[in-house]
Amino acid sequence: MMRFGVLAALAALSLSAAPAVKAAPRTDAPDSFADLAARLTPAVVNVSSTQKSEGAAATGALAPLEKKLGQRAVSLGSGFIIDPSGVVVTNNHVIENADQIAVTLSDGREYAAKIKAIDAPTDLAVLQLDAPGVKFPSVTFGDSTKARVGDWVMAVGNPFGLGGTVTVGIISARNRDIEAGQYDDFIQTDAAINRGNSGGPLFDLNGDVIGINTAIYSQTGGSVGVGFAIPSEVADIVVDQLVKFGETRRGWLGVTIDAVTAERANELGFDHPRGAIVSAVTRDSPAAAAGIAANDVIIE
């Protein structure tokens, strides 16, 4: 009888207590990234650029070699092929001021490349491999707007010149402003990104490029788990225009605006601060042609 009472009490307790919430198992997390890496790595390339250096002249036994080759500074980075004809996307800072650019594929083939177009404000560059008639493996841009914090991502690149290196992690933040320029809107990831990964792709689990690895936060120069990638929602548009027009075509108004302060809102008779005030108008700009003038108030 006593045993029955204890069991009944335990049963009543189990019914009244809130059941433990158990997370559903992830169905989209792979047991291995090997198949994805094998499929995508052939389209990821190592980019090396050289430029004449203004360093001290060599002397002694090295002098004849310098006379023949010239002093050269070498920059190593990454890139990826977006068209079978050999169109490569990378960072502008990887090939900036380059005299020569060489691109090496994962199978060891090396080709000379020429700069097709650059967009310095977004740090993007498009190269063309010098390989007429050759069909290259390629990848495509995905939709970074659908990427969520916590999603798996895979980075492939050329850290420290090692080539063909695959790292995985998650999207750890979005819309990061790292004060790199006026178009800052970076994806932050904890996938290991190091020097030489610049210009390489950040893939989602579908194998689409949702970011271009561009910068790291580090006090040592090595990965500390905070890397930044240009989102494909920006890169795709810029790269498309660079390929089609050889430049980025951006709309502009030609105005400088300030926020409406509480004091200014009171002067204007607003019940609360809203809209913006035009503080300056650029001469011969679309805004000037439309008749917008300094001190105009723009209300949403």
Side-chain angles (χ1 to χ4, degrees), residues 40-55 65-141 155-165 180-181 193-202 209 211-216 229-230 232 234-236 238-248:
L40 300 174
T41 298
V44 182
V45 300
N46 302 338
V47 180
S48 62
S49 61
T50 59
Q51 64 185 85
K52 291 181 180 179
S53 173
E54 301 299 328
L65 183 61
E66 182 191 290
K67 184 176 181 180
K68 181 179 179 181
L69 300 178
Q71 288 181 290
R72 294 202 169 266
V74 179
S75 172
L76 298 176
S78 307
F80 55 97
I81 303 171
I82 60 168
D83 187 271
S85 65
V87 178
V88 175
V89 176
T90 187
N91 280 140
N92 178 53
H93 74 259
V94 171
I95 51 85
E96 192 172 18
N97 301 320
D99 296 313
Q100 295 179 339
I101 302 172
V103 170
T104 306
L105 276 67
S106 61
D107 60 9
R109 286 180 293 166
E110 183 176 311
Y111 297 92
K114 294 183 178 180
I115 299 174
K116 192 177 182 73
I118 65 169
D119 183 57
T122 55
D123 195 20
L124 291 172
V126 176
L127 312 177
Q128 177 64 59
L129 300 184
D130 185 11
V134 179
K135 297 297 182 183
F136 294 96
S138 60
V139 291
T140 58
F141 282 111
V156 184
N158 182 32
F160 307 114
L162 294 173
T165 298
I193 295 173
N194 289 284
R195 291 177 179 176
N197 274 107
S198 290
L202 187 70
V209 179
I212 300 176
N213 302 317
T214 299
I216 60 173
I230 302 168
S232 62
V234 173
D236 194 6
V238 171
V239 168
D240 183 62
Q241 292 190 1
L242 291 178
V243 171
K244 288 181 179 178
F245 311 119
E247 63 180 3
T248 305

Are L129 and V134 packed together at the side-chain level, in the sense that at least one heavy-atom pair is separated by less than 4.5 angstrom?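 Heavy-atom side-chain distance check fails, nothing below 4.5 Å.
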
Can you confirm whether N197 sits close enough to P159 that some side-chain heavy atom of one is under 4.5 Å from a side-chain heavy atom of the other? yes

In Å and rounded to the nearest 0.5 Å, what is the CG to CZ distance from L76 to F160?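 It is 11.5 Å, given to the nearest 0.5 Å.
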
Minimum heavy-atom distance S49-I101, with the two atoms named: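 Smallest heavy-atom distance, with atoms named: CB-CG1, 4.2 Å.
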
Please check: side-chain N/O of [X] versus main-chain N/O of [Y], any donor-acceptor pairing under 3.5 Å?
X    : Y    : result
Q128 : S85  : yes
N213 : S198 : no
N158 : G77  : yes
S78  : G196 : yes
S75  : V94  : yes

The test is side chain to side chain contact (heavy atoms under 4.5 Å, CB included); show your working for L105 and F136 and say whether it passes. CA-CA 9 Å; L105 276 67; F136 294 96; 3.7 Å; yes

Give the intermediate values and the outcome of side chain to side chain contact (heavy atoms under 4.5 Å, CB included) for residues V45 and T90. CA-CA 9 Å; V45 300; T90 187; over 6 Å; no

The side chain to side chain donor-acceptor pair (under 3.5 Å) partners of R109 (sequence neighbours excluded) come to D107, Y111

Would you say the side-chain atoms of D123 and T214 include a donor-acceptor pair closer than 3.5 Å?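 Not at all, the side chains of D123 and T214 share no donor-acceptor pair under 3.5 Å.
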
